[in-house]
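All of these numbers come straight from a predicted model, not from anything done at the bench. Below, each value reflects all heavy atoms present in this structure, side chains not excepted, and no hydrogens, waters or symmetry copies.
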Amino acid sequence: MTKKKNNGVQSLIGFERFTRFGVKTDRTEIAFFSVEPTNISVLSAASIDSKIRYLMTLLSTVPDLEIIALDSCECFDSNKIHVKNRLQNEQNESVRKLLQSDYSFLDEIQTEMSSARQFMFAVRFRREKDEQIFNAINRVDKAISEHGFTARRMTKSEIKRMIALYFGTSISGDEISDIEGSENFEFGGN
């Protein structure tokens with residue numbers, strides 16, 4: 001008898017489990033740091049140049065450091081297209097006004113959130129033991145702060161939120177349960 005292959009999304013992306021430090025994939029363990037963004041629109045040109053130099057120095061100090069930039073919320077384009085199509089086909093003027101209001105609301109939210117970005121640093125570990133990973137994470141954390149960035153290691157729920165937003169399974173990044181569908185069952189003995 002042959003063993004059935006796991007064809008789920010988890011297997012497709014190589015995700016195995018959450019660990020003390022982040023995420024374990026089929027090839028690496030990844031620790032994530034959430035970076036507090038800097039509003040460069042209020043900085044002088046010299047301050048921006050300084051930030052860029054700090055980042056370049058950080059990346060040369062920690063060459064395995066990866067930078068991730070994501071929207072911190074989902075895009076509303078498909079919803080807006082649906083409402084626009086409904087508007088074109090709707091005959092009832094009261095419903096058309098409601099649809100127009102919905103479209104304007106979605107447009108306003110998308111405009112407000114278009115600048116909402118989430119920045120992260122990631123470090124991959126290939127074969128290191130837990131103690132080595134712990135020490136490396138502390139060194140990276142120290143290097144990040146020494147180079148003028150405010151960052152903290154992401155928690156399991158923050159990583160789950162990031163993954164949910166990336167794969168479009170959550171518009172707002174609501175908390176996702178560890179076991180899909182578990183909210184529909186009552187666990188425990190009577």
Side-chain angles (χ1 to χ4, degrees), residues 8-75 109-110 112-180 182:
V9 173
Q10 185 174 333
S11 175
L12 179 67
I13 62 174
F15 181 86
E16 289 182 3
R17 68 183 186 284
F18 289 98
T19 67
R20 277 178 53 196
F21 309 108
V23 171
K24 173 83 172 97
T25 71
D26 55 353
R27 294 188 180 112
T28 63
E29 185 165 349
I30 309 169
F32 296 96
F33 295 86
S34 178
V35 180
E36 189 176 301
T38 302
N39 184 356
I40 62 171
S41 64
V42 298
L43 296 178
S44 67
S47 293
I48 294 171
D49 286 344
S50 178
K51 278 283 191 192
I52 292 169
R53 276 193 303 281
Y54 280 146
L55 181 58
M56 290 171 39
T57 306
L58 174 61
L59 293 174
S60 60
T61 303
V62 186
D64 292 334
L65 196 64
E66 299 174 29
I67 301 172
I68 302 168
L70 297 173
D71 289 337
S72 64
C73 61
E74 190 172 307
C75 177
I109 285 177
Q110 188 165 10
E112 286 176 14
M113 296 181 168
S114 67
S115 62
R117 302 284 186 260
Q118 184 175 8
F119 298 94
M120 291 155 278
F121 290 130
V123 182
R124 294 177 190 264
F125 301 96
R126 296 197 174 36
R127 292 180 194 88
E128 292 83 350
K129 300 202 181 314
D130 278 2
E131 186 177 332
Q132 293 170 309
I133 293 172
F134 178 78
N135 292 332
I137 286 173
N138 286 335
R139 283 192 305 275
V140 169
D141 192 24
K142 183 178 179 188
I144 290 170
S145 68
E146 286 175 347
H147 289 87
F149 295 94
T150 304
R152 60 178 174 63
R153 199 159 54 88
M154 292 174 67
T155 64
K156 177 182 176 181
S157 63
E158 291 170 324
I159 295 169
K160 285 173 32 177
R161 180 183 184 279
M162 171 191 64
I163 292 169
L165 288 169
Y166 181 79
F167 285 105
T169 60
S170 172
I171 292 174
S172 62
D174 294 334
E175 178 72 24
I176 296 174
S177 63
D178 287 343
I179 301 170
E180 186 175 356
S182 64

Legend entry - Nearest-0.5 Å distance that lies between atom CZ in Arg53 and atom CD1 in Ile48: 12.0 Å

Inset, instruction - Output the distance between atom NZ (Lys129) and atom CG (Asn135), rounded to the nearest 0.5 Å. - result: 14.0 Å

Inset, instruction - Considering non-hydrogen atoms only, spot the tightest contact between Phe18 and Lys160 and give its length. - result: CZ-CG, 3.1 Å

Legend entry - Donor-acceptor under 3.5 Å (Glu128 side chain, Arg126 main chain): yes

Legend entry - Non-hydrogen side-chain atoms of Val62 and Phe121 separated by less than 4.5 Å: no

Inset, instruction - Classify the angle between the aromatic ring planes of Phe134 and Phe21 as parallel (below 30°), tilted (30 to 60°) or perpendicular (above 60°). - result: tilted

Legend entry - From CD1 (Ile52) to OG (Ser50), nearest 0.5 Å: 9.5 Å

Inset, instruction - First locate atom CZ of Arg20, then atom CG of Asp130, and finally report the distance between them rounded to the nearest 0.5 Å. - result: 5.5 Å

Inset, instruction - Test the Lys24-Phe125 pair against the cation-pi criterion, namely NZ or CZ under 6.0 angstrom from the six-membered ring centroid and within 45° of the ring axis. - result: no

Legend entry - Side-chain heavy-atom pair Arg152, Glu158 within 4.5 angstrom cut-off: yes

Inset, instruction - Mind jotting down which residue pairs meet the side-chain hydrogen bond (donor to acceptor under 3.5 Å, both in side chains) criterion with at least one end in residues 138-148? Sequence neighbours excluded, please. - result: none

Legend entry - Point-to-point distance, once rounded to the nearest 0.5 Å, from CZ of Phe32 to CD1 of Ile163: 6.5 Å

Legend entry - Over all atoms of both residues, closest heavy-atom pair of Ala151 and Ile144: CB-CG2, 3.7 Å

Legend entry - Sub-4.5 Å side-chain heavy-atom contact between Ile67 and Leu55: yes

Legend entry - side-chain contact (heavy atoms from CB on, under 4.5 Å) involving Thr25 - partner list, sequence neighbours excluded: Val23, Arg27, Thr28, Ile30

Legend entry - Crowding at CD1, Ile40 (>12 non-hydrogen neighbours, <6.0 Å): no

Legend entry - Shortest non-hydrogen contact between Ile159 and Gly22, atoms and distance: CD1-CA, 3.8 Å

Legend entry - Pairwise distance CZ(Arg124) to CG(Leu65) - rounded to 0.5 angstrom: 11.5 Å

